[in-house]
Amino acid sequence: MNVFSHLSEVIHREIEELCGAGALPAGLDLSAVQVEPPREAEHGDAACNAALVLAKQARRKPREIAEHLAERLQERTEIRSVDVAGPGFVNLRLTDDFWWARLAELLATGPGYGADDLGQGQRINVEYVSTNPTGPLHVGHARGAVVGDALANLLSHMGFAVTREYYVNDAGAQVDTLARSVHARYREACGETIGAIPEGLYPGDYLVPVGEALAARDGRRWLEEPESVWLPEVRNFAIDAMMGLIRDDLDALGVRHDVFSSERALVAEGRVDDAYASLESSELIYRGVLEPPKGQRDDDWEPREQDLFRATRFGDDTDRPLRKSDGTWTYFATDIAYHRDKIERGFADLIDVWGADHGGYVKRMKAAVAAISNDSATLDVKICQMVKLLDDGEPVAMSKRAGRFVTLRDVVGEVGRDVVRFIMLTRRNDAPLEFDLRRVLEQSRDNPVFYVQYAHARACSALRRGAELVPETELTPAALAGADLTCLDDPAELDLIRRLCQWPRVLAGAALAHEPHRIAYHLQELAGAFHLLWTRGKDDARLRFVDAERPAETRARLALISGVRIVIAEGLALFGVEPVQEMR
RNA sequence: GCGCCCGUAGCUCAGCCGGAUAGAGCACUUGAUUCCUAAUCAAGGGGUCGCAGGUUCGAGUCCUGCCGGGUGCGCCA
């Protein structure tokens, strides 16, 4: 049960009955009525703003509405007390019995607690990573990869039918550059002396084995041919090699996709022409000349008539070109076709996870989605800000131009997949992220990965200990659900139960807002409440989790611990992180 | 010049479609270990929520204008 949804339903019903009884006018709009955990614990277990939001439309004083509502809520058995506070908040305090029943419910559900059917099978497409197939992934890419993957996990957990997608930019000039770079390495592999890699080609060493593999497959046949002959062949070979590299990188991170969509295929199948024709038939394309861009050196600028998409009709700042001067499509044009393709495949909800450098494209892409779907599809773009890589507080130099950048593989090798994944989710996507290679391995309070993992390990440890000292009890969650929990009456214990019971609400909020980082914060708070209780047991023997002299209390406490373990494990699973059983 | 993101404690950041006395960690000061892992916990100080207006019963949150930082700006992707 989502406690807050439950209370919200109860309150909605009570208000409607108040309307029916004439205490309030009929036909009130209750959409703004909310029940949420109050910031201050003294305000109770749940607070409702109904009286404040309804006062105006009901033309009553907030406190008067609150008093009416409080009077009715008082009658309910699960509610211990109701207070009208401040300007008209209705603060609810639930009985201990209610909370114990929720803990039992959590245990009876076991893994999957908090899962819901919010999405009701609604299809949603999450596109992430989508880096150009020109080299290995670096740490910056890891952020988008993890955010997209965790978001997809979360949405799937909450009842959405999620498709995880990677858009392969295998058309355009950059893959030609890739092909030329590989050809240089190929000549090298064939025994030619190539010297320094020419300016404008990719210099990275990762292309050396690709050149060698090409030589091994095709021998010397591309040495004497003109570029126009070898380029398409080498390009295909190189793209395959790069995608293999990228997939391996993603594997190392535990990130997977259901669909890889090829830009080249999209163009070849005429899908861009289709999208163009569709926009044209809606009279959203015209021949026009754009203003020169300001604030940057524009030596080469000359006014030119182009095919322009009326993006300004949909909130963009300027209309956008669809064709380059050589007649080929712009990146934006193929991207429109790609998003149109997603919509035609039956997705009304699209999420794109992009890097910070694409921030300027959000408006035009949203405009395009609105245009091609007649406003029936939504696009949410999650921009992931930069990752600042540090080593014990000192910035780690990264230079893509010199072909020297910290690869994802290096970082995963250094600190492990789980650490990378968790850290990438500890910030809002639009806030920059510091990633300190040294600090994320520290075993201390300020390392969130450790702190949460340690709580899980401690819970496991106590359960192991319980199995030793009270061998006659079964300690599976299902068995513990039947325990007598009434001794869990210490404020710290009840506080922990309440936090566990917020899990469904946290998941729902994170899923609807597309904000997986909220889970990381909740896990940290939960771990904190658990660590606190653990230490309390040192001062106060009555609160110790495992005590062979008192098997009934031990059973109840192990039930609580089992709940903690389940929720932390659930959260980590959504993040794709393996919970640890013990710290070493 | 324009767009987008950000501006909250000394530092790094939360703050959930506006809600009550603005929170956490780090750092600093002090304390807790014969006992389930002290790899932890507790207590304390620390704020004009960038600035100024506005909307509202109520603004860190919404609107407008400034200031500061980041990022991007026809045919590159």
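Numbered from 1 within each chain, the chains take letters A, B, ... in sequence-line order. Remember, it's a predicted structure, so these values are computed and weren't measured experimentally.
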Figure out the [atom1]/[atom2] separation between [X] and [N], and round it to whole Å.
X: A:Glu525; N: B:G25; atom1: CD; atom2: P; result: 10 Å
X: A:Met386; N: B:C6; atom1: CE; atom2: P; result: 16 Å
X: A:Tyr521; N: B:G25; atom1: OH; atom2: P; result: 13 Å
X: A:His358; N: B:C5; atom1: NE2; atom2: P; result: 17 Å
X: A:Asp307; N: B:G74; atom1: CG; atom2: P; result: 18 Å
X: A:Arg63; N: B:G58; atom1: CZ; atom2: C1'; result: 15 Å
X: A:Ile336; N: B:A77; atom1: CD1; atom2: C1'; result: 15 Å
X: A:Arg550; N: B:C36; atom1: CZ; atom2: P; result: 15 Å

For [X], which contact category applies under a 4.0 Å heavy-atom criterion: base, sugar-phosphate, or nothing?
X: A:Arg544; result: base
X: A:Pro432; result: sugar-phosphate
X: A:Asp316; result: nothing
X: A:Ala513; result: nothing
X: A:Arg323; result: nothing
X: A:Val546; result: base

Would one find a side-chain N or O of [X] under 4.0 angstrom from OP1 or OP2 of [N]?
X: A:Thr330; N: B:C75; answer: no
X: A:Lys538; N: B:U33; answer: no
X: A:His517; N: B:G15; answer: yes

Out of B:C13, B:U56, B:G74, which nucleotide sits closest to the side chain of A:Lys56?
B:U56
Closest to side chain of A:Glu582, choosing from B:A77, B:C6, B:U37:
B:U37
Go through the side-chain N and O atoms of [X] and [Y] and say whether any donor and acceptor fall under 3.5 Å apart.
X: A:Asp307; Y: A:Tyr276; value: yes
X: A:Thr334; Y: A:Glu263; value: yes
X: A:Tyr286; Y: A:Asp319; value: yes
X: A:His339; Y: A:Asp352; value: yes

Below 6.0 angstrom between ring centroids: does that apply to A:Tyr451 and A:Phe422?
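No, ring centres 6.0 Å or more apart.
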Report the relative orientation of the aromatic rings in A:Phe332 and A:Phe309; use parallel for angles under 30°, tilted for 30 to 60°, perpendicular for over 60°.
tilted
Parallel, tilted or perpendicular, judged at 30° and 60°: which one describes the rings of A:Phe450 and A:Tyr454?
parallel
How far, in whole Å, is [M] from [N] if one measures between their [atom1] atoms?
N: B:G68; M: B:A77; atom1: P; value: 35 Å
N: B:G7; M: B:C66; atom1: C1'; value: 14 Å
N: B:G19; M: B:G74; atom1: P; value: 40 Å
N: B:G53; M: B:G44; atom1: P; value: 35 Å
N: B:C41; M: B:A27; atom1: P; value: 12 Å
N: B:G60; M: B:C17; atom1: C1'; value: 16 Å
N: B:A52; M: B:U8; atom1: P; value: 16 Å
N: B:C4; M: B:G10; atom1: C1'; value: 30 Å

Given salt bridge (Lys or Arg N to Asp or Glu O under 4.0 Å), test A:Arg505 with A:Glu36 step by step and report yes or no.
CA-CA 9 Å; A:Arg505 182 175 186 277; A:Glu36 40 186 25; 3.7 Å; yes
Is the [atom1] atom of [X] crowded by more than 12 outside heavy atoms at less than 6.0 Å?
X: A:Arg542; atom1: CZ; answer: no
X: A:Glu305; atom1: CD; answer: yes
X: A:Arg59; atom1: CZ; answer: no

Assert: residue with more 5' nearest nucleotide on RNA chain B, out of A:Tyr361 and A:Asn447, is A:Asn447
Closest-nucleotide 5' rank along RNA chain B - winner of A:Asp547 and A:Glu305
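Taking each residue's closest nucleotide, the earlier one in sequence belongs to A:Asp547.
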If you restrict it to nitrogen or oxygen atoms, what contacts under 3.5 Å exist between nucleotides 18-22 of chain B and the protein, and what is each distance?
residue: B:A20; atom: OP1; partner: A:Arg39; partner atom: NH2; Å: 3.2
residue: B:A20; atom: OP2; partner: A:Arg39; partner atom: NE; Å: 3.4
residue: B:A20; atom: OP2; partner: A:Arg39; partner atom: NH2; Å: 2.2
residue: B:A20; atom: N6; partner: A:Asn91; partner atom: OD1; Å: 2.7
residue: B:A20; atom: N1; partner: A:Asn91; partner atom: OD1; Å: 3.2
residue: B:A20; atom: N1; partner: A:Asn91; partner atom: ND2; Å: 2.9

Encode nucleotides 40-46 of chain B as B, S and - characters from 5' to 3', where the letter depends on protein heavy atoms closer than 4.0 Å: B to the base, S only to sugar-phosphate, - to neither.
BSS----
Give me the one residue out of A:Arg544, A:Arg536, A:Arg557 that meets salt bridge (Lys or Arg N to Asp or Glu O under 4.0 Å) with A:Asp490.
A:Arg536
